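Since the structure comes first, as structure tokens, the remarks are kept for the end.
These numbers were taken from a predicted model, which means no experiment stands behind them. Residue numbers start from 1 in every chain, and the chains themselves are labelled A, B, ... in the order their sequence lines are given, proteins ahead of strands. Below, each value reflects all heavy atoms present in this structure, side chains not excepted, and no hydrogens, waters or symmetry copies.
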Amino acid sequence: DTGVSQDPRHKITKRGQNVTFRCDPISEHNRLYWYRQTLGQGPEFLTYFQNEAQLEKSRLLSDRFSAERPKGSFSTLEIQRTEQGDSAMYLCASSWGQNQPQHFGDGTRLSIL
Amino acid sequence: AQSVTQLDSQVPVFEEAPVELRCNYSSSVSVYLFWYVQYPNQGLQLLLKYLSGSTLVKGINGFEAEFNKSQTSFHLRKPSVHISDTAEYFCAVTQSGYNKLIFGAGTRLAVHP
């Protein structure tokens, strides 16, 4: 169990640019989640995959956001045309079943200049 | 809709003193409850979970929590804190059949020598 891995740990970009984050879940986990955390707040749910199927998306996930999990293993989260309000920590988590504990990665901190 | 309220945004305490971090949730159906800890610039680490069974749950690092259905609470306790317990603590809930976690805003525990 090597834990959930996220890359990069930090991303600084100019407003309007596109960014992509990667998450590698714990290998035996079939469920993968993305959350966003802003300063002083708890994480907020963005989207969830079971294997390669994206089964739920929050209304926080605007059209500029897209997530994929092409082979049911790693996942990517892309933000197009970034805005100042996208600055946050993006957390990935995985679990092996419904209602089972979710294990989190260390996150990707996005800063928009 | 589900919600989680962490009643204290900050809790200062002296080393070796006991501490209680309060968490209340709103839900009319079966819930699963979790406490996570977050150290600076890191992801969330699971402290303990309540899925079913005994209402007193023991976790890592000497923490425990008690599920109280009638008061819809899941307070976190530790009989004697250490400097290393200084961190942000998040309470989270999910419902049976759901997948996303709903987090509280967090409680910052500051342990002073």
Can you confirm whether [X] is buried at [atom1], in the sense that more than 12 heavy atoms of other residues, nucleotides or ligands lie under 6.0 Å from that atom?
| X | atom1 | value |
| --- | --- | --- |
| A/Ile12 | CD1 | no |
| A/Glu68 | CD | no |
| A/Leu113 | CG | yes |
| A/Arg64 | CZ | yes |

- If contact means a heavy atom pair closer than 4.5 Å, which residues of residues 57-80 of chain B contact chain A? none
- Query: Looking at A/Gln37, A/Gln100, A/Gln50, which one has more heavy-atom pairs under 4.5 Å with chain B than the rest?
  - Reply: A/Gln37
When clusters are formed by joining ILVMFWY residues with side-chain heavy atoms under 4.5 Å apart, either directly or through shared neighbours, do [X] and [Y] land in the same one?
| X | Y | value |
| --- | --- | --- |
| B/Val11 | B/Val4 | yes |
| B/Val37 | B/Val19 | yes |
| B/Tyr89 | B/Leu7 | no |
| A/Leu32 | A/Leu60 | yes |
| B/Phe90 | B/Leu109 | no |

Under 4.5 Å from any heavy atom of chain A - which part of [X]:
| X | result |
| --- | --- |
| B/Lys49 | side chain |
| B/Leu46 | side chain |
| B/Gln38 | side chain |

Approximate separation, where rounding is to 0.5 Å, of [X] [atom1] and [Y] [atom2]:
| X | Y | atom1 | atom2 | result |
| --- | --- | --- | --- | --- |
| B/Phe34 | A/Gln102 | CZ | CD | 7.0 Å |
| A/Tyr35 | B/Leu101 | OH | CG | 3.5 Å |
| B/Phe103 | A/Leu91 | CZ | CG | 8.0 Å |

- For A/Asp106 and B/Gly43, the nearest pair of non-hydrogen atoms, with its separation, is OD1-N, 3.2 Å
- Query: Do B/Asn41 and A/Arg109 touch side chain to side chain, with heavy atoms closer than 4.5 Å?
  - Reply: yes
